[in-house]
Amino acid sequence: MKKYVLHSESVINNIQTYRDYFGDYLHAKISNYDNIINELKECPIFTRDIYQKPIYDIIVSEKNDEDTLIINGYSIDYLIFKDKFLLKNNPYLILDSAIFLSKILNIKNIDIILRSYYLEEKNILIKALVETEDIYYIDREISINVYDENSYYDNYKEKIIIPYLENKKYIFDLETITQFGYFAHIGKNNFEKYGKGEFKGSVLLSISGDINIPNLYEFELSTSFSDIIRIAGNIPKDCDIKCVFTNGFLNPPIDMESLSNISLDYNDFENLNLKLGNGGICFIRENRCVIRVVLKIVLFAKSIACGKCMPCGFGFNLCEYYLNKIILGKSDYSDFNDLKNILNMIIKCASCFYIRALVNCILQTIEKFNYEFIYAVEKKITLYSFIK
Ligand code: SF4
C-alpha cells in the first residue's frame, strides 16, 4: 500500500489502539438507526462486488427470510489482492461494522468467510473477535462465526461457489463493510470531505500488470486517473499500453487515453459503460500477446466455474483447447469461429452474472484485438511471440 486515505498508516492490532482511534464500538455509540440510514441515502456507499449496489438499497429493501449476514473475505476476483490487507490492517473495524450492520438489519447471525489459506489472517481475526467479546458486551443473541470453505461446508453442507454467493441478499465484501464502518464512525459530514465529486469516500485499487509500481493503493473518489497512474510509478518508459482491464476483468478492455481522461468516479465509469466494481486495474503493454492474456482469463474462469451448468462447466475447457491451438500455430478459421461460438453460448446459458461479465470481457477483448487472432491463424505464429 503506497497511499492512505481512510485506512490507517499502521496496523491496528489490539483493541486498545482501536479504541484510541475510534472510541466506542458503533453499536454502543449510535442508537438512532434512522439517522444513519438517511445519511446513507444522501451519501451512498456502493458494494465493491459485481452488483455495485448502494448499501442503503440493501438495508431498506424488503426483508426476506435470510437470517445471516455474510462478510465475504473469500474474494474470487482475478488479480484483486485487498482482503488480506483489510483483515490485517484493521480486523476490529470489520467486526465493529458487521455487528452494527446486523443490528440495523435485525440479523442475529454473522458468518465471516475466508479462504482456507488465509491462516495468518484467520488467527488475527479470531484474536480480534476474542478481544472484542472480552471488552465490549455484545448482545448474546448475535453469534459471529469465522469459516473457511471446509468448515463452511461441514456446517452448512454448501460449497462457497459463485451461484451460492450471488443468491445471498445480505452479503458484503470486506472493503464495503470497512467503508461503512468509517462512514458510521466519522459521520456523513466528515466522510464527505473525501472526494470532490458526487460520490464520497475512498476506493482500494489493486493495480497490476505493466505499470512501474504494481500494488494496492487507496485513493479518494474523484481522483483523476492521470494522478493515479503517476502515483503508481507511471507506465514503463519503453512501452506503450495496448489496453487496460478494469473491475478485475469484469469490464471490456479500454484504451489508455480513455482511462487517462476519467476520474475514480461512478459516473465517469458509467459514461463508458463500465463499473468501478472491485477496483482491479490491469495494464497491458502493446507488445504483450493478447491471445495469451485471453488464455489467462479463460483459465481463471475455468478455475471458478462450479460445473452446475454445462456451457460454463465445460465451455472454458474448449476455449482453452482452441486458444492453445491458435498459440501453437495449429489452428484455422473454424477453430477461431468455434472459440467465439462457445463464448457466446456461455454468455447465453450461464446462470451467474459474474461469469457472464467475465465472458463478455473475453469476447470484447477478442473483438478489439481481432487482428492478433487473424494474424496467428494465418501466419501460424502469434504477432507478439517470444519465438523468433
Ligand atoms: S454459470 Fe453455471 S457452472 Fe458457471 S459458475 Fe455459475 S452456476 Fe456454476
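Only heavy atoms go into these numbers, but all of them, side chains included; no hydrogens, no water, no symmetry mates. Counting starts at 1 for both ligands and their atoms, in listed order.
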For C352, atoms of ligand 1 separated by under 4.0 Å from a heavy atom: 1 (S), 5 (S), 6 (Fe), 7 (S)
Per-atom contacts, ligand 1 versus K308 - under 4.0 Å to a heavy atom: 3 (S), 7 (S), 8 (Fe)
Proximal atoms of ligand 1 relative to G307 (non-hydrogen, under 4.0 Å): 3 (S), 8 (Fe)
K29 and D24 ion-paired at < 4.0 Å: no
Distance from atom 4 (Fe) of ligand 1 to nearest protein heavy atom, with residue and atom: C312 SG, 2.4 Å
Shortest protein heavy-atom distance from atom 2 (Fe) of ligand 1, along with the residue and atom involved: C309 SG, 2.0 Å
Side chain, backbone, both or neither: C306 near ligand 1, heavy atoms under 4.0 Å: both
Check ion pair D210-R288 (N to O, under 4.0 angstrom): yes
Lys/Arg N to Asp/Glu carboxylate O, K200 vs E192, below 4.0 Å: no
Pair Y147-N155, side chain to side chain donor-acceptor pair (under 3.5 Å): steps then yes or no: CA-CA 9 Å; Y147 293 109; N155 195 46; 2.7 Å; yes
Contacting atoms of ligand 1, where contact means under 4.0 angstrom from a heavy atom of A350: 1 (S)
S351: numbered ligand 1 atoms lying under 4.0 Å from its heavy atoms: 1 (S), 2 (Fe), 7 (S)
Among Y266, Y194, F269, F191, the one residue meeting ring-ring contact (aromatic ring centres under 6.0 Å, His included) with F199: Y266
Ionic contact status for K242 with E372, cut-off 4.0 Å: yes
